[in-house]
Amino acid sequence: MIGNSIQKAAEILRQDDLVSIPTETVYGLAGNALSEQAVVKIFQVKNRPTFDPLIVHVLQLEQLKQLVKVIPEKALLLAQHFSPGPITFLLPKKPLIPDLVTAGSPLVAVRIPQHPLSLSLLAKINFPLAAPSANPFGYISPTTAQHVEQQLGSKISYILDGGPCEVGLESTIIGFEKEKPKIYRKGGIAQEEIEAVVGPVESVHVSTSNPKTPGTLKRHYAPSIPLSVGNITTMLNDCDPTQVGILSFKDRYEKVPEANQVVLSPNDDLREAAQNLFAGMRYLDQLPIQQVLAEWLPEEGLGKAINDRLRRAAAK
Ligand code: TXA
Ligand code: MG
């Protein structure tokens, strides 16, 4: 059921059941992060392998401090700049966080989401919320309550509706090696914004072969209809234009039916493109077409995170 009662969501969570919550990035599938029973349900409902750890959501820095052993100075600085917001910190966990949450890792991923409903909910309960994106494992992340309803509606009792997500891409995940910050997943805060605060930051390329590392799997965010990324005009030469969908940054293509085209940002705005990305991928994925042709966005700002998602969606 979709609704907007924080009271009801809090009651369900107190009983170790799950609620889908809105965040500024994507919708989460939330349960009490300190309850093994609730966390097990998250893995079951998502059909997620237990080697893939969960992000823990807290109300504010004070609550975050209760969950981790230390916070490097640069993490604190970044939190002051960007939290609440789409940034997640990988930090050494205290024992009160179940190992199941971190898939056995000594590090926990924590963030403060920036959405009024979820912040009110966190203020009402006295425990942190473990919440992966509210989609079946490997599929496109949901950016509206309706997306969640379509795929997980029969498995969870409540979806807190906070409208469409403002950022539309998952949080940027930052870890620290000897105090040196590293980006493990590109996301809603661009590398350039992070570097403006803490100086040059390395972006770690994460491979498939080691699923324990963050940022994750080669094939992810994956639609059912095959998606290829490249030069759309060139790719159109090799196929029947009436049988394809288009996922473009700014341009429309005359030969392709209008209804089969998603233009991410006619205004040339990477933020707008990020907001529209997952909903656009979902829309195309339910059309009667054979394949989707997408193009790379400029490799700057949020364009880097968008290209990362396109790469994973296209991976075989
Ligand atoms: O924006 C977001 O981060 C959204 C919203 C709901 O907050 N959440 C999200 O969660 O994207 P999820 O589970 O779909 O992705 C979490 C990623 C996974 O790729 C996981 O591998 C990584 O974070 N991760 C979580 N905990 C980790 C840990 N302890 N060590 C390494 N990687 C971790
Ligand atoms: Mg996810």
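For this chain, numbers begin at 1 and follow the sequence in order. Whatever order the structure lists them in is the order used to number ligands and atoms, beginning at 1.
Considering backbone and side-chain N/O atoms, S133 comes within less than 3.5 Å of an N/O atom of ligand 1. Considering backbone and side-chain atoms together, P132 places no N or O closer than 3.5 Å to any N or O of ligand 1. Between H57 and ligand 1, an N or O atom pair is found at a separation short of 3.5 Å. Residue S105 places no N or O, backbone or side chain, under 3.5 Å from any N or O of ligand 1. At a 3.5 angstrom cut-off on N or O pairs, T23 does not count as close to ligand 1. Any N or O atom pair closer than 3.5 Å counts here, and T88 shares no such pair with ligand 1.
The part of I173 lying near ligand 1 is the side chain, judged by heavy-atom distances below 4.0 Å.
Looking at S133 and E170, their side chains never bring a donor and an acceptor atom within 3.5 Å of each other.
D308 and R312 are joined by a salt bridge, as a carboxylate oxygen and a charged side-chain nitrogen come within less than 4.0 angstrom of each other. Looking at E62 and K65, a side-chain N of the basic residue comes within less than 4.0 Å of a carboxylate O on the acidic one, giving a salt bridge.
Within 6.0 Å of the CZ atom in R271, the count of heavy atoms belonging to other residues, nucleotides or ligands does not exceed 12.
Looking only at distances, no side-chain donor or acceptor of N32 sits under 3.5 Å from a matching main-chain atom of R14. Under a 3.5 Å cut-off, the side chain of N135 and the backbone N or O of P142 do not form any donor-acceptor pair.
Between I232 atom CD1 and L236 atom CG the span is 7.5 Å, to the nearest 0.5 Å. Annotation: the span from L293 atom CG to T233 atom OG1 amounts to 10.0 Å, rounded to 0.5 Å.
Listed by number with element, the atoms of ligand 1 under 4.0 Å from a non-hydrogen atom of A109 are 25 (C), 26 (N), 27 (C), 29 (N). Close contacts between ligand 1 and L90 involve ligand atoms 27 (C), 28 (C), 29 (N), 30 (N), 31 (C) [criterion: under 4.0 Å to a heavy atom]. Heavy-atom proximity to L107, at under 4.0 Å, picks out these atoms of ligand 1: 28 (C), 29 (N). Taking every non-hydrogen atom of R111 and a distance limit under 4.0 Å, the qualifying atoms of ligand 1 come out as 1 (O), 2 (C), 3 (O), 5 (C), 7 (O).
A side chain to side chain contact (heavy atoms under 4.5 Å, CB included) with V244 holds for exactly one of I289, V256, L284; it is V256.
At a 4.0 Å cut-off, at least one heavy atom of R48 sits close enough to ligand 1 to count as contact. For A131, the closest heavy-atom approach to ligand 1 falls below 4.0 Å.
Because the distance cut-off is set at 2.8 Å, S141 fails to qualify as a neighbour of the Mg ion (ligand 2), as none of its N, O or S atoms comes that close.
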